[in-house]
Amino acid sequence: MTANTIHPALAPVFFVILVGYGAGRLRIVENHHVDGLNALVMNFALLASLFVATASAPRSEMLEQVPLFLTFGFVMLLIHLAWYFFVRASSDVSKADGPSGLVIIVAALVAFGHS
């Protein structure tokens, strides 16, 4: 998938996030509604938008991106393992708490590497 496919799919989601931020700053939406709106946008709207973009992309275009997907997957695995062992060695955390925050780190690295 190219940026020409991804950007139009994500534009409505970021527009809704921006409108929600503006509504919060102007006190149009009360604080106790924010959690529900965040869940709606992140759990449904974003996934639906990405699904539509993926489903509407030509199969040949998707298959061209297989090496990129494999590279990202391998890099994320390496980062995950490095972070896990670093956190376990440098602090006194349990095995379950070792990967905390890793998803954000990997997503940021992939996003910055792809832009």
Side-chain angles (χ1 to χ4, degrees):
M1 248 183 326
T2 63
N4 295 336
T5 305
I6 294 173
H7 291 153
L10 291 179
V13 175
F14 286 108
F15 176 74
V16 169
I17 292 172
L18 184 63
V19 168
Y21 176 77
R25 294 290 291 175
L26 296 173
R27 307 244 189 254
I28 296 171
V29 177
E30 297 178 19
N31 286 341
H32 64 274
H33 295 297
V34 171
D35 289 337
L37 292 172
N38 283 341
L40 174 68
V41 170
M42 298 308 290
N43 294 337
F44 297 105
L46 179 61
L47 297 177
S49 180
L50 290 174
F51 175 76
V52 168
T54 303
S56 63
R59 183 177 176 87
S60 60
E61 199 173 295
M62 293 291 285
L63 291 175
E64 288 175 8
Q65 301 302 320
V66 168
L68 179 66
F69 293 146
L70 292 175
T71 303
F72 279 165
F74 182 69
V75 169
M76 285 190 286
L77 178 64
L78 288 178
I79 293 171
H80 176 77
L81 291 174
W83 180 260
Y84 177 77
F85 289 119
F86 171 74
V87 169
R88 292 279 292 153
S90 65
S91 62
D92 189 29
V93 296
S94 68
K95 288 182 180 179
D97 291 334
S100 296
L102 180 69
V103 173
I104 296 170
I105 293 168
V106 172
L109 288 173
V110 169
F112 289 126
H114 186 62
S115 58

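Within the hydrophobic cluster formed by Ile, Leu, Val, Met, Phe, Trp and Tyr side chains joined at under 4.5 Å, directly or through other members, L18 stands alone, with no partner residue.
Cluster annotation: L77 and F85 are assigned to the same hydrophobic cluster (Ile/Leu/Val/Met/Phe/Trp/Tyr, side-chain heavy-atom contacts under 4.5 Å, transitive).
Judged as a side-chain contact (heavy atoms from CB on, under 4.5 Å), and not counting sequence neighbours, the contacts of A23 are I28, V29.
Atom CZ of F69 is separated from atom CE of M62 by 5.0 Å, given to the nearest 0.5 angstrom. Considering OG of S56 and CZ of F51, their distance stands at 9.5 Å, rounded to 0.5 Å.
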